[in-house]
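From a predicted model like this one, the values you see are computed outputs, not experimental measurements.
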Amino acid sequence: MNKGSLGVVRAGAVAAAAAAAALVAGLVLGGSVTEKVIPGLGDAGALTRWGLPASRAAMDLLSALTVGAVLAAAALLPVEGGRGAARLSADAVGYLRAASWIAAGWAAAAAATLVFTVADVLGQPVGEVLTGSELSSYVGSLPQGTALMIVVLLAVVVALLARTTTTPAAAFGLLALAGIALLPAPLTGHSASAANHSVATTGVALHVAAVAPWVGGLAIVGAHALLRRDRLPVMAERFSRMALWCYVTVGVSGLVNVIARLPDPAELATTNYGRLALGKIVAFGVLGWFGWWHRERTLPALAAGKPGAFARFGSVEAAVMAATMGLAVALARTAPPPPTAPESAVKSLLGYDMPPEVTPVRLLTLWQFDLFFAVLAAVLGGLYIAAVVRLRRRGDSWPMGRTAAWILGLVTILAVTQTGVAKYAPILFSVHMAQHMVLNMLAPIFLVVGAPVTLALRALKPARVRGDRGPREWLTALLHSRYLAVIAHPAVATLIFVVSTFALYFSPLFEAAMRNHLGHIAMMVHFLAAGSLFFWVLLGVDPAPKKLPYPARLILLFVTMPFHAFFGIALMNMSQALARGWYGAVDPPWGTTVLHDQHTGGAIAWAFGEIPTFIVLIVMAFQWYADDQRQARRMDRKADRAARPGGRAEDDELAAYNARLAKLAERDRAAEGQGKT
């Protein structure tokens, strides 16, 4: 074992020791391992009390390392081979192979966590759980058990695929799969039972999605530095830019989570949960100082050819990060303070109390904060404005109409996700249907007209390293990919737009999505994405694999829109309510019957289609006219070039067309003359 490998092992051992020390301290101070055993109640034993958080900490650290290794291969290290034959570098392939072994450890840690979780819930020792039938029978019935089983399966898939992945696109797909595997376990903890569990659940998802690449990325970049491998300055600079965004996301989502669980700031000092959360906040501040030092000192040192500075400092920062993750596991094992007032059945389902009777004014004024769509709108709006500003500073122009359309689309999204519409949508099917129609058939029109892809291609800079893929190159590769050629085909986009609506509402998927906050977000994101894809085919200014002529677009519009009317009529004629279990549980005392409200929702779906159809026709008419004007100007320019000295006559399309007509007329006259003779 060489000096670099010994340094990696030493740094890993220090980080593991720091995580273990913080975990033990947090468990003791939080009281989760010193709980008094009540006679007569089941006791899982000391092995479970200590083994469950230990296996959970191992699972979190190994998952972060897996994500970091795949991230290094997919994005941090430059791609080789250029545009025509892009391939991963030897170091990138090596990190993927390492990710395979780490993911196998991740799966093993998740399996151990599953066993300890079942023992903890049942109050039985681990030995009895392993030898009895409880493990197999409770995995499917416990949300935590199901989530951990999904993690085990996904981690095994990542481990297997990482052994054969060699292309940049496949590495990004593997990164997405590893990112999905991060979410099930933490989302079945305290977030599901917090006072405002919708905000808490989204906050936890954002928190975990930002922590893993931040922690894992730093560990892999540090190992790269200790091993003295090439491309370290490029790798460290890319990680530094990503880490800044991760730090901001972790800070905002962590603050949201603390507020959701500790509405009273005094509980930070008076409760075990609050004191551990306060310790985590302090550690977060220390990590912020480390990040500032990296950007100010170690990155310039790397540029000056001193990789040792980054390796030493990165090892210390990785140890602090590991300790923070150990503290986070202890925090997850500590129960937050119970609510001061008893929680109603409706609040346990919705996350808020039953609102008053619905009125148009309350739909506009009863604000309901949705963290996911608030962040989505802020990010999309900020990136778009930043791109426009970059073009303007460069001296390029960008149509104000496109910017206005994009902003209007985002405002439309916020209007149905942050107002009283979002508060009443889980309660009344009619309000939900109005929200669906806006997200699926109105907001996408304005977003597509905003031409975000064209703006990104113009604003993004090419990759600094020759042959590498930066954001611009990845976007170009996606536009030319087979996947997009299939998904953006007019027939496929239309099928997704139409069929997915019937498949969702006339199956158990709808009630399952309403009962789960992440499922509800996924449903609304699907509405938005399916509508954007369809209207991209109809109105898209951005580059697309297949552009339809305007007459075909008109036919496609008039063929597709009646299906939403048919869907509305089907809802109006149903004799049984959809998602009866959900709407029966949240049935408001001031509302009509569930079936009558569903018929109202069907009427909204039937009538709403006229509004987007009218808007699309107006936009399409302007686009058609502008396209004809562009074609006429192009032909005029070619005719002007042909008329100049040295110009080619065949470049004048109008003259060539007239010449062909004259030749045909002369041929007809010659044929008539021969016939008379």
Side-chain angles (χ1 to χ4, degrees), residues 9-35 44-68 102 105-121 126 144 147-148 151 155 182 185-186 188-191 204 207-208 210-212 214-216 218-219 250 254 257-258 261 268 271-287 290 315-336:
V9 172
R10 189 182 303 112
V14 171
L23 176 63
V24 171
L27 291 173
V28 172
L29 294 175
S32 58
V33 293
T34 57
E35 295 177 350
L47 178 60
T48 298
R49 282 195 292 274
W50 288 99
L52 178 55
S55 62
R56 183 61 181 265
M59 182 181 73
D60 290 348
L61 288 171
L62 290 170
S63 65
L65 289 175
T66 302
V67 171
I102 300 171
W106 178 13
T113 305
L114 173 61
V115 173
F116 284 123
T117 299
V118 174
D120 184 58
V121 171
V126 174
Q144 300 95 325
L148 288 168
V151 172
L182 293 171
T188 53
H190 295 321
S191 60
V204 167
H207 198 77
V208 171
V211 165
W214 184 22
V215 176
L218 176 68
V250 168
N257 291 329
V258 170
R261 294 171 178 81
L268 284 171
T271 63
N272 290 334
Y273 188 91
R275 285 187 285 268
L276 289 179
L278 194 59
K280 191 178 174 184
I281 292 172
V282 172
F284 177 76
V286 173
L287 290 173
F290 272 104
S315 299
V316 177
E317 185 180 5
V320 176
M321 279 187 170
T324 307
M325 292 189 71
L327 190 62
V329 173
L331 184 66
R333 287 291 297 165
T334 304

Just how far is it from atom [atom1] of [X] to atom [atom2] of [Y], taken to the nearest 0.5 Å?
X	Y	atom1	atom2	value
L65	L218	CG	CG	10.5 Å
L276	L268	CG	CG	11.0 Å
L182	W106	CG	CH2	4.5 Å
W214	E317	CH2	CD	7.0 Å
R333	Y273	CZ	OH	13.0 Å
I281	T324	CD1	OG1	12.0 Å

Test item: [X] and [Y] side chains (from C-beta on) under 4.5 Å apart, heavy atoms:
X	Y	answer
Q144	D120	no
V151	L114	no
L29	R275	no
L148	M59	yes
F116	V126	yes

Which heavy atom in [X] sits nearest to a heavy atom in [Y], and how many Å separate them?
X	Y	answer
A64	M325	CB-CE, 4.5 Å
M321	V215	SD-CA, 3.7 Å
P53	V329	O-CG1, 3.5 Å
A15	A318	CB-O, 4.2 Å
A11	S315	CB-OG, 3.8 Å

- [ ] Might you work through the side chain to side chain contact (heavy atoms under 4.5 Å, CB included) test for L327 and L23, ending with a clear yes or no?
- [x] CA-CA 5 Å; L327 190 62; L23 176 63; over 6 Å; no
